[in-house]
Structure formats: C-alpha cells, structure tokens
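Take a look at the structure set out below.
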There are 2 protein chains.
Amino acid sequence: MASKPTRLHHRNLPLVLLQARERLLSHFRPILNANGITEQQWRIVRVLYEKPSLEPREIVELCRISSPSMAGVLARMQELGLVTRRRVDHDQRRLRVSLTPRARAMAARMVPQIEATYLRIEQQVGEVFSERLVQALDQLLAMLPEYDSRKAAGADLSQAKEAGAAGGVIDVVQ
Amino acid sequence: MASKPTRLHHRNLPLVLLQARERLLSHFRPILNANGITEQQWRIVRVLYEKPSLEPREIVELCRISSPSMAGVLARMQELGLVTRRRVDHDQRRLRVSLTPRARAMAARMVPQIEATYLRIEQQVGEVFSERLVQALDQLLAMLPEYDSRKAAGADLSQAKEAGAAGGVIDVVQ
DNA sequence: ATCTATTTGCTAATCTATTAGCAATGCCAC
DNA sequence: GTGGCATTGCTAATAGATTAGCAAATAGAT
C-alpha cells in the first residue's frame with residue numbers, strides 16, 4: 001500500500017487533542033482544586049447534578065471513565081460524603097448513585113464559576129469559533145466509529161456512513 | 001456575573017475533547033499493543049525517531065508528559081532497552097536521551113502502520129475535515145493562553161491577542 | 001569570590017487509566 | 001426448572017497524572 005513510508009507525514013492528532021484539553025482544563029482546575037475535588041469527580045458531580053440518580057454504567061458512559069476506575073472513584077466519593085450508593089430492589093446486580101445534599105450544594109456554588117470561565121474563554125477565542133469547534137468534534141465522533149479490535153480483517157465502512165447519515169452531519173467544519 | 005446561573009449551559013468541552021481523543025486512539029491502540037508499548041512510550045519514540053537525541057525537558061514539552069511522569073517512563077523504557085540516557089559533560093544536571101537501535105527498528109516497523117491508519121481515518125471523515133480540525137485546534141492553542149493560577153486578579157488579555165496575531169490566525173474555523 | 005536565584009531532574013503520595021479476569025445476578029431458550 | 005449466556009459491578013497489577021517538594025548544579029549579581 002503506497003510504498004511504505006518510513007517517516008511520519010501526519011501531525012499527532014491525539015496529542016493535539018490532548019494539548020487542547022489540557023490548555024482548557026488549566027482554566028477550570030483552580031475551581032476544582034479550591035473545592036477539593038478531582039477532574040473525574042467533577043465530571044460525575046456534573047452529570048448527577050442534572051438528574052436525581054444514575055447507575056454506574058450510565059455514569060461510565062456519560063463521563064468516559066472506565067468501569068474499573070469508576071469503582072474506585074465512587075468508593076472515594078462515598079468516603080468523602082459526596083455520593084450515596086444503594087442497590088436496586090428488583091435487580092441485585094444494579095446500583096443507583098446519587099449526590100448527597102452537601103455535594104449538591106457544592107455543585108451549586110461551583111456552577112456559576114464554571115459558567116463564568118466558559119464565558120471568559122469564549123471572549124478570548126470567539127463565541128462562534130467555540131461553537132463551531134464543538135460542532136466539529138461532534139461531527140468527528142459521528143463520522144468515525146470506535147475501532148473494534150475483534151474484527152481485524154475486512155474493513156467495513158457501513159457503520160461510519162450510518163453514523164454520519166443518522167447525525168445529520170454537515171459537509172465539513174465549515 | 002450575569003445573574004449567577006445555577007445550571008450549566010455549556011457542553012463539557014474538555015470531555016468532548018477527551019472523547020474525540022479516545023475515539024481516535026482506539027484506532028491506533030492495536031498497533032501499540034502489538035508492539036508492547038504504551039501511548040506515552042510511543043509519543044516519546046515518535047519524537048526521538050526524528051532526532052538523534054533530546055533532553056528530558058524537551059521531551060516533556062514535545063510529548064505533553066509531566067516531568068514527574070517522565071522520570072518513571074524513561075526509567076521503564078531504559079529497563080526495556082528502548083532508550084539510553086547519558087549525562088551531558090559540561091552540565092551535570094542535564095541528560096541526553098536517545099533511541100536504541102532496537103527501538104529505532106521497531107519505530108520503522110510501526111510508522112507505515114500508523115500512516116496507513118491516518119489515511120484510513122481521513123478516508124472516513126474526509127481529508128479536508130481532518131486538516132481543518134487540526135487547524136482549528138492549533139488556533140485554539142494560539143488564542144487561548146495557559147491559565148496562570150498565580151495571577152488571579154486583573155485579567156490581562158494582551159497575551160492572547162499577541163499569540164493570535166503572531167500565529168497568523170484565520171478568523172474562525174472557516 | 002560569594003551569595004542568591006533559577007534550572008534540571010528527581011522522589012513521594014494520592015488518584016486515575018488500562019488490561020485482564022471473576023463472582024453474582026438475571027435472562028432466555030430448551 | 002435447568003443449563004447456557006450476557007450483564008453488572010468489582011478486584012488485581014502495572015503505568016501515568018497531579019501536586020508538592022527537594023537536592024544538585026549552574027548562572028547572575030554583588
């Protein structure tokens with residue numbers, strides 16, 4: 001396939017994404033530190049703040065935290081009095097996680113600071129740019145399927161096309 | 001300060017960036033696993049593959065790996081026979097890190113696979129989209145300065161404007 | 001020449017990611 | 001019902017991230 005290049009001609013895109021994320025996080029981290037919670041804990045607080053309760057596998061999906069990590073994170077958060085965990089009656093495997101009143105109060109204090117930070121960032125990079133960037137990232141996620149390491153042979157692009165069509169994706173970043 | 005919102009109106013942009021990065025990495029991870037190296041190790045191999053040697057602080061900067069992590073990563077890579085470390089004569093603090101021939105050979109085997117994966121991804125999301133996304137992320141990095149937690153008061157935007165002007169940044173994502 | 005301040009790489013402690021695997025529960029076909 | 005099968009949450013081991021801090025070496029000012 002195309003003369004086997006021995007040098008890399010592409011930027012390290014995952015690295016650029018990492019750097020962009022770190023740059024952004026540097027603006028939010030002081031707020032998290034001031035409240036004594038970690039990034040992952042805040043992601044969980046943030047999604048639980050919108051709903052009365054969620055199950056661990058839902059939080060795993062919403063916060064992009066792996067299941068093995070989630071076990072430890074939730075245990076520590078319970079230890080800190082941020083969440084409660086209780087079994088679901090009709091299915092003893094399952095679990096429901098909720099914010100404690102204390103965590104909910106903390107989130108209410110933090111939300112305005114987080115929002116203010118987003119506004120300050122939009123002021124620096126431009127609101128339009130900011131919105132289009134999010135849109136572009138959403139499009140990437142819609143067009144590029146998760147790689148399934150089990151089906152190594154026989155590249156199947158139908159999944160990508162489905163995702164693209166389903167999401168109503170615009171041509172490009174535009 | 002616009003009336004202290006108690007709900008979040010912005011998408012979690014760092015989370016979206018994380019998800020995009022993970023989605024991309026899922027396509028590269030099999031290559032790394034097949035060669036028995038981690039993401040961070042590959043980032044280091046990749047930059048050292050282009051140059052004869054680098055110093056740890058340069059690698060830290062290029063690979064976005066924190067200095068405390070770098071110590072352990074380089075120690076493990078030396079243990080695995082991937083890199084060599086030797087002191088600089090005229091400055092006993094400093095260090096020069098190089099790839100071993102074995103690591104260089106491994107990189108030469110991996111580069112074509114990495115390149116092929118980039119091409120496959122570009123095929124799925126569109127080459128133009130891919131290039132514009134990188135461009136947009138570069139613009140974000142140019143416009144948004146690292147937050148300096150030391151200067152809390154007196155927001156100074158001059159740094160952002162300088163960076164924007166210096167980089168020859170286009171209006172928006174476009 | 002000496003004293004101070006910075007640079008460089010490192011250790012320590014805690015938390016999270018990744019990979020593999022496992023016990024318990026529930027589902028479902030038979 | 002019962003035996004296969006998937007789901008749910010978990011543990012264990014290793015690697016990295018984050019925060020704080022530290023010793024040695026160097027550069028700069030006096």
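Order of the sequence lines fixes the chain letters, A, B, ..., with proteins taken first and strands second; residue numbering starts at 1 for each chain. Worth saying up front: this structure is predicted, and the values here are computed from it rather than measured.
At least one side-chain heavy atom of B:Leu133 sits under 4.5 Å from a side-chain heavy atom of A:Leu140. A heavy-atom distance below 4.5 Å is not found between the side chains of B:Leu17 and A:Leu18. Contact check for B:Ile65 versus B:Arg43: side-chain heavy atoms found under the 4.5 Å cut-off. The shortest side-chain heavy-atom distance between A:Trp42 and A:Met110 falls under the 4.5 Å cut-off. Within the 4.5 Å cutoff, the side chain of B:Thr38 has no heavy atoms near those of the B:Leu32 side chain.
Residue contacts for A:Ser69: at a heavy-atom cut-off of 4.0 Å it reaches a base atom on one of the strands shown. A:Ser66 comes within 4.0 angstrom of a base, heavy atoms only. Within the nucleic acid shown, B:Arg85 comes within 4.0 Å of sugar-phosphate atoms alone, with no base atom in reach, counting heavy atoms only.
Between A:Arg21 atom CZ and D:dG16 atom C1' there is a gap of 14 Å when expressed in whole angstrom units. D:dT7 atom P lies 18 Å from atom CZ of A:Arg87, rounded to whole Å. If you measure from atom CZ of B:Arg76 to atom P of D:dA13, you get 17 Å, rounded to the nearest angstrom. Rounding to whole angstrom units, CG of residue A:Asp91 and P of D:dT8 are separated by 8 Å. What separates CZ of B:Arg57 from P of D:dT26 is a distance of 13 Å, to the nearest Å. Residue B:Ile65 contributes atom CD1, which lies 11 Å from atom P of D:dT18 at whole-angstrom precision. If you take CE of B:Met77 and C1' of D:dA15, they are 13 Å apart, rounded to a whole angstrom. In this structure, the CG atom of A:Leu32 is 18 Å from the P atom of D:dA17, given to the nearest Å.
Every residue meeting the side chain to side chain contact (heavy atoms under 4.5 Å, CB included) condition with A:Thr117, not counting sequence neighbours, appears here in chain and number order: A:His27, A:Phe28, A:Ile31, A:Arg120, A:Ile121.
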Name the atoms and distances for all side-chain donor-acceptor pairs under 3.5 Å in residues 68-81 of chain B, with sequence neighbours left out.
unit_1	atom_1	unit_2	atom_2	d
B:Ser69	OG	B:Ser66	OG	3.1
B:Gln78	OE1	B:Arg85	NE	3.2
B:Gln78	OE1	B:Arg85	NH2	3.0

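Judged by closest nucleotide on DNA chain D, A:Pro68 is the one of A:Pro68 and A:Leu18 placed further toward the 5' end. In terms of position on DNA chain D, the residue among A:Pro56 and A:Arg29 whose nearest nucleotide sits closer to the 5' end is A:Pro56. Remark on DNA chain C: of its neighbouring residues A:Arg93 and A:Arg43, the 5'-side contact belongs to A:Arg43, judged by nearest-heavy-atom nucleotide.
Between chain B and DNA chain C, the heavy-atom contact criterion of under 4.0 Å yields a 5' to 3' nucleotide range of C:dT7 to C:dT19.
Pairing for D:dA24 goes to C:dT7, judged as Watson-Crick or G-U wobble with the two contacts each under 3.5 Å.
For the pair A:Gln92 and D:dT8, the criterion of a side-chain N or O lying under 4.0 Å from OP1 or OP2 is not met.
Scanning atom types as modelled, no donor and acceptor separated by under 3.5 angstrom connect the side chain of A:Arg94 and the base of D:dT8.
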